[in-house]
Structure formats: structure tokens, C-alpha cells
Amino acid sequence: MPSSLDLSRSYSVIAPGRVNLLGEHVDYNDGPVLPVAIDLTMTMTFSALAEDLVELQAVDLEENTSFRLADLAAKVDLNDKPLSHTALYPASVAWACQQAGLSVPGLRASYTSDIPIGAGLSSSAAVEMAFILAFNILGSWDADRMDMVKWAQKGENEYVGVNSGIMDQFACLFGIKDHALYLDTYTLEWEPVPLPQDVAIIVADSHVPRELADSAYNNRQAACQQAVRELKTFLPEIRSLRDVSPVQLEQYADAL
């Protein structure tokens with residue numbers, strides 16, 4: 001942590017949820033997606049800690065958790081109990097930043113969100129991006145935004161255990177008012193796409209919750225990887241399903 005950082009100063013960040021207009025289950029296959037940030041957000045107030053600790057207060061869930069940055073690999077809190085599901089996401093970001101060679105500062109954070117949990121609106125990605133922004137501020141990293149997206153995705157993949165693509169974190173960090181975001185997940189090239197003025201995006205709550213870590217999401221991703229391995233027998237040049245043309249898929253469909 002920079003020695004000049006004022007421990008008494010507090011900061012705040014806001015990270016939005018997102019919906020995806022086109023490209024479900026496409027980002028982990030290197031395809032193009034079209035997400036849009038929404039007006040439901042995760043808001044966090046935070047300050048620096050001199051200790052090697054992260055202290056969390058999830059206001060909506062009435063949950064307080066603390067863990068040591070030196071113990072991230074163990075995934076335990078200060079009482080050596082397994083980190084709660086809520087705490088896993090902030091811890092995953094800290095872990096991924098450490099894996100990137102960054103010195104992660106201690107912090108105390110209190111956060112609240114009106115993004116429904118388990119509604120498919122990327123409440124977890126909003127948490128990840130809020131915390132990575134907080135670490136970036138306190139650590140004076142001046143990190144590239146796309147690098148921050150990659151670190152958050154790495155944490156969700158390898159720490160939380162959800163083999164997601166990069167779309168959710170990207171949309172939460174890069175969202176632009178009144179625009180969708182066209183992202184080519186193969187090249188990471190992107191551009192804002194203005195939304196028509198006479199169009200409204202309506203999100204309907206089905207009241208059927210989901211949790212990616214406990215769903216068939218990882219199974220679907222694994223099936224796509226298996227399909228690529230099978231098709232490589234005939235198309236050794238492909239890297240992902242993105243590289244397979246409709247003609248090629250029809251030609252070799254029996255192999256799947």
C-alpha cells in the first residue's frame with residue numbers, strides 16, 4: 001500500500017448489472033456478444049487498512065466477514081472457517097490480482113446492491129469489478145481496464161470455480177449510458193452501439209433463481225470444449241467453436 005495513502009479517507013465506487021441482448025453462451029466460445037449495462041447497481045464505500053486484511057460488510061445480507069490477504073489460497077476467514085459464497089467473489093479478485101504480481105492492499109468495505117442475486121443480471125460480476133476498482137485505487141496501480149476485466153474473470157474461473165467467459169465483467173466495467181457494447185471476445189475489440197431512442201429494455205423476473213456455480217453452466221462449457229477437441233481431428237486449425245463454419249459443422253456433425 002502506498003505510504004502516502006490517507007487511512008482515514010473513504011472512497012466509493014458503483015458497478016452496474018447487465019443484460020445480454022445477443023450471444024448467450026458465446027463468450028467462452030470466442031464469439032461476439034452484445035451486452036448492455038442496466039440501471040441496477042452495486043454501491044460500495046471503502047477505505048484502506050494498514051493491516052493485511054479485507055473486512056467486508058454485505059449490508060443487504062447482514063453478513064460481516066474478514067480474511068487475511070496472506071491466506072487467500074486457503075479460502076478461509078479469520079476464524080479458519082470456509083469463506084462464505086458472498087465473500088468468495090471479493091477474495092477471488094484479490095487472489096487474481098496477487099497472481100498477476102500486484103501488491104494487494106488491505107481494505108474495509110461496506111456494500112449494498114439492488115441487483116437481484118441469482119437473476120442472471122451479473123450481480124457477482126458487479127461485486128468483482130467494484131472490488132477490483134477499489135484495490136486499483138488503494139494500490140495506485142493505474143491498471144488497464146481490460147486487464148482488470150481479465151483478472152476478475154480469472155478469479156471467477158480458477159478461484160470461485162465458474163468457467164465463465166469475459167462478457168459479464170466487461171459489461172459491468174465498460175458500460176456506457178444509452179449504449180450496448182459490441183465485444184468480439186476473440187480479439188477483445190469492442191465498440192459502443194447507440195440504443196434507439198424509442199426502445200426500452202425490460203427485464204422480467206421469472207422468480208426462478210439460479211447460481212452458476214451450482215448449475216449446468218460448467219457442464220455446457222465443458223461440452224463445447226469437448227466438441228472442439230472432437231472437431232480438431234478434422235479441423236486441426238480451430239481454437240474454438242467460433243472458428244467452425246456452418247458448412248464445416250454440417251460436414252462433421254456426426255463426429256459430435
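Because only heavy atoms are used, hydrogens play no part in the values below, and waters and symmetry mates are left out as well, while side chains stay in.
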Handout entry: Minimum heavy-atom distance between Asn29 and Arg242, given as atom pair plus value
Key = O-CB, 3.0 Å
Practice task
Could you tell me whether Asp144 atom CG has more than 12 heavy atoms of other residues or ligands within 6.0 Å of it?
Solution key: yes
Problem - Gln197 CD: over 12 foreign heavy atoms closer than 6.0 Å - result: no
Problem - Candidate pair Ser47 and Arg9, rule side chain to side chain contact (heavy atoms under 4.5 Å, CB included), full reasoning - result: CA-CA 6 Å; Ser47 58; Arg9 182 178 177 184; over 6 Å; no
Practice task
Look at atom NZ of Lys81 and say whether more than 12 heavy atoms of other residues, nucleotides or ligands are closer to it than 6.0 Å.
Solution key: no
Handout entry: Over all atoms of both residues, closest heavy-atom pair of Asp168 and Ala125
Key = CB-CB, 3.7 Å
Practice task
Say whether, by atom type as modelled, one donor and one acceptor occur between the side chain of Asp147 and the main chain of Ala143 under 3.5 angstrom.
Solution key: no
Practice task
Would you name the heavy atoms of Pro116 and Leu40 that are closest together and state the gap between them?
Solution key: CD-CD1, 3.8 Å
Practice task
Quickly, which of Glu156, Lys150, Arg18 forms a side-chain hydrogen bond (donor to acceptor under 3.5 Å, both in side chains) with Gln169? Name it, please.
Solution key: Glu156
Practice task
Establish, for the pair Arg145 and Phe174, whether the NZ or CZ atom is under 6.0 angstrom from the six-membered ring centre and no further than 45 degrees off its axis.
Solution key: yes
Practice task
Determine, for Tyr159 and Lys154, whether the Lys NZ or Arg CZ falls below 6.0 Å from the six-membered ring centre while staying within 45 degrees of the axis.
Solution key: no
Problem - Greater than 12 external heavy atoms within 6.0 Å of Glu250's CD - result: no
Practice task
Could you check Leu235, Leu241, Leu256 and say which one makes a side-chain contact (heavy atoms from CB on, under 4.5 Å) with Leu249?
Solution key: Leu256
Practice task
Evaluate the side-chain proximity of Leu78 to Leu53: yes if any heavy-atom separation is below 4.5 Å, no if none is.
Solution key: yes
Exercise for the section: Kindly state whether the ring of Tyr111 and the ring of Phe131 have centres lying under 6.0 angstrom apart. Expected result: yes
Practice task
Please tell me if the side chains of Glu158 and Trp95 come closer than 4.5 Å, counting only heavy atoms from C-beta onward.
Solution key: yes
